[in-house]
Amino acid sequence: MHRRSLLALGAAVLTRPAFAEAWPAERSIRYVVPVAPGGSQDIVARLFARHLTDALGQSVLVENMPGAGSNIGYEHVSRQKPDGYTLLAGSDSLSINKTLFPKLGFDVTGFAPVAQGVRVPQILVVRADSPARSFEEFVGLARRQPVAVGTPGNGSLAHLLGEQIQGAAEIRWTHAPYKGGALAVNDLLGGTLQGVLINIGAVTDHVKVGRLRGLFVSSGERTRALPEVPTLTEAGLPGATAVGWHGIVAPAGTDSAILARVNAALVGVLAKPDVAERVAALGLEPVTAPPEALGKVILADAGRWAEVVRRARIQPD
């Protein structure tokens, strides 16, 4: 299945209509962001759009289209003409939603991978005054008393990672799904929750100023933004990683020359010192790889997280 899907994901690179030579001279490029303004995915998308406008010589206009776990935006883009004038701010939810929502109006094969953009580690944070100063102590806390851990929502990467961690650490906590990470962080700061699992960009500033304490990051290595926070492996769960992404996809069938040009432009954008500094400050990791690499990530994640969704019987809100 994965081989057939990968071929479908890459099918867009096999055609070369004449209009691709002049692209994007015709008009502005729509950049659909399938989440509400304000979160890290939106912040990254706007950063990319601003700099891609200069790199491509054409306006790249952000259009937020939130709802249904990003599916409204995903379905809309999957049905657009593959002419290079509609791009999508994709993320790991593109893979997760394949199993989480049984009746989607699109499939991952409805998109042509363009660029992974940035990797997005997850982080477990607690309040600065929490008795848990390490993940080991958090596990002990969860074994002694009820613990509630917030996430950005049912079926989010943070939620799925939390299910894996509970199984590996042989603990249980109460999952508190929110409609967005900011609300979960507010309740953690207010004392309603004992922890929050969330993408690192949403809480980097809180950790840096000491309002929150990071217990682990889910990447294979420590992050530049929060180098004092250990990895999951260092925290006692060897081999446990779960890294999301904020990047770009396009409707399936988009010409390979267009995909390659956007990919190269984004690689150049990520190399700019001010962009690299902003990405690093958010705790994110730039990715400079061809479109095919993102296609493999999408399919691998779809298989990996499908098992977790089914085993934990996770359902969307």
Taking the six-membered ring of Tyr85, is the NZ or CZ of Arg30 close enough (under 6.0 Å from the centre) and on axis enough (within 45°)? no
Rounded to the nearest 0.5 Å, how far does [atom2] of [Y] lie from [atom1] of [X]?
{"X": "Arg224", "Y": "Leu282", "atom1": "CZ", "atom2": "CG", "value": "12.0 Å"}
{"X": "Glu163", "Y": "Thr151", "atom1": "CD", "atom2": "OG1", "value": "9.5 Å"}
{"X": "Leu294", "Y": "Leu94", "atom1": "CG", "atom2": "CG", "value": "8.5 Å"}
{"X": "Leu87", "Y": "Phe111", "atom1": "CG", "atom2": "CZ", "value": "12.0 Å"}
{"X": "Asp92", "Y": "Leu161", "atom1": "CG", "atom2": "CG", "value": "11.0 Å"}
{"X": "Ser218", "Y": "Leu232", "atom1": "OG", "atom2": "CG", "value": "6.5 Å"}

Applying the side-chain contact (heavy atoms from CB on, under 4.5 Å) test to Val196, which of Val125, Val149, Leu124 qualifies?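 So, applying the side-chain contact (heavy atoms from CB on, under 4.5 Å) to Val196 and each of Val125, Val149, Leu124, only Val125 qualifies.
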I'd like to know if the side chain of [X] reaches the main chain of [Y], judged simply by a donor and an acceptor atom lying under 3.5 Å from each other, with no hydrogens or angles considered.
{"X": "Ser130", "Y": "Val126", "answer": "no"}
{"X": "Asp301", "Y": "Ser95", "answer": "no"}
{"X": "Thr204", "Y": "Ile200", "answer": "yes"}
{"X": "Trp245", "Y": "Gly117", "answer": "no"}
{"X": "Glu75", "Y": "Asn71", "answer": "no"}
{"X": "Gln194", "Y": "Ala148", "answer": "yes"}
{"X": "Ser59", "Y": "Ser28", "answer": "no"}
{"X": "Gln122", "Y": "Leu157", "answer": "no"}

Tell me whether Leu56 is reachable from Val267 by hopping between hydrophobic residues (I, L, V, M, F, W, Y) whose side-chain heavy atoms are closer than 4.5 Å.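 The answer is no; the residues belong to distinct hydrophobic clusters.
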Path from Val269 to Leu61 over hydrophobic side-chain contacts below 4.5 Å: no
Could you list the residues that satisfy ring pair (Phe, Tyr, Trp, His ring centres under 6.0 Å) with His76, not counting sequence neighbours?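 Ring pair (Phe, Tyr, Trp, His ring centres under 6.0 Å) check on His76 returns nothing, list empty.
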Below 4.5 Å, heavy atoms only, C-beta onward: do [X] and [Y] meet side chain to side chain?
{"X": "Leu299", "Y": "Val108", "answer": "yes"}
{"X": "Leu100", "Y": "Trp305", "answer": "no"}
{"X": "Leu47", "Y": "Val279", "answer": "yes"}
{"X": "Gln58", "Y": "Glu26", "answer": "no"}
{"X": "Val229", "Y": "Thr223", "answer": "no"}
{"X": "Asp107", "Y": "Tyr74", "answer": "no"}
{"X": "Leu212", "Y": "Leu188", "answer": "yes"}
{"X": "Arg143", "Y": "Glu170", "answer": "yes"}

Report the C-alpha distance between Thr233 and Thr231 in whole Å, list the side-chain angles of each, state the deciding distance to 0.1 Å, and finish with yes or no for side chain to side chain donor-acceptor pair (under 3.5 Å). CA-CA 5 Å; Thr233 297; Thr231 66; 4.5 Å; no
Shortest non-hydrogen contact from [X] toward [Y]:
{"X": "Ile298", "Y": "Val249", "result": "CD1-CG1, 4.3 Å"}
{"X": "Leu215", "Y": "Ala132", "result": "CD2-O, 3.9 Å"}
{"X": "Ala49", "Y": "Tyr31", "result": "CB-CD2, 3.8 Å"}
{"X": "Gly155", "Y": "Ile96", "result": "O-CG2, 3.2 Å"}

Are the charged groups of Arg46 and Asp42 less than 4.0 angstrom apart, N to O?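 Yes, charged N to carboxylate O under 4.0 Å.
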State plainly whether the residues Arg222 and Glu228 are in salt-bridge range, i.e. N to O under 4.0 Å.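 So Arg222 does not pair with Glu228 through a salt bridge.
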Looking at Glu137, I'd like to know if its CD atom is crowded, meaning that more than 12 non-hydrogen atoms belonging to other residues, nucleotides or ligands lie closer than 6.0 Å.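 Buried by this count: over 12 neighbours within 6.0 Å.
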Does the pair Ile29 and Leu52 meet the rule for a side chain to side chain contact (heavy atoms under 4.5 Å, CB included), with working shown? CA-CA 10 Å; Ile29 300 167; Leu52 284 173; over 6 Å; no
Go through the structure and list residues passing salt bridge (charged side-chain N to carboxylate O under 4.0 Å, His left out) with Arg213, not counting sequence neighbours. none
Ile165 vs Phe135, side chain to side chain contact (heavy atoms under 4.5 Å, CB included): CA-CA, chis, key distance, verdict: CA-CA 11 Å; Ile165 289 172; Phe135 180 62; 3.5 Å; yes
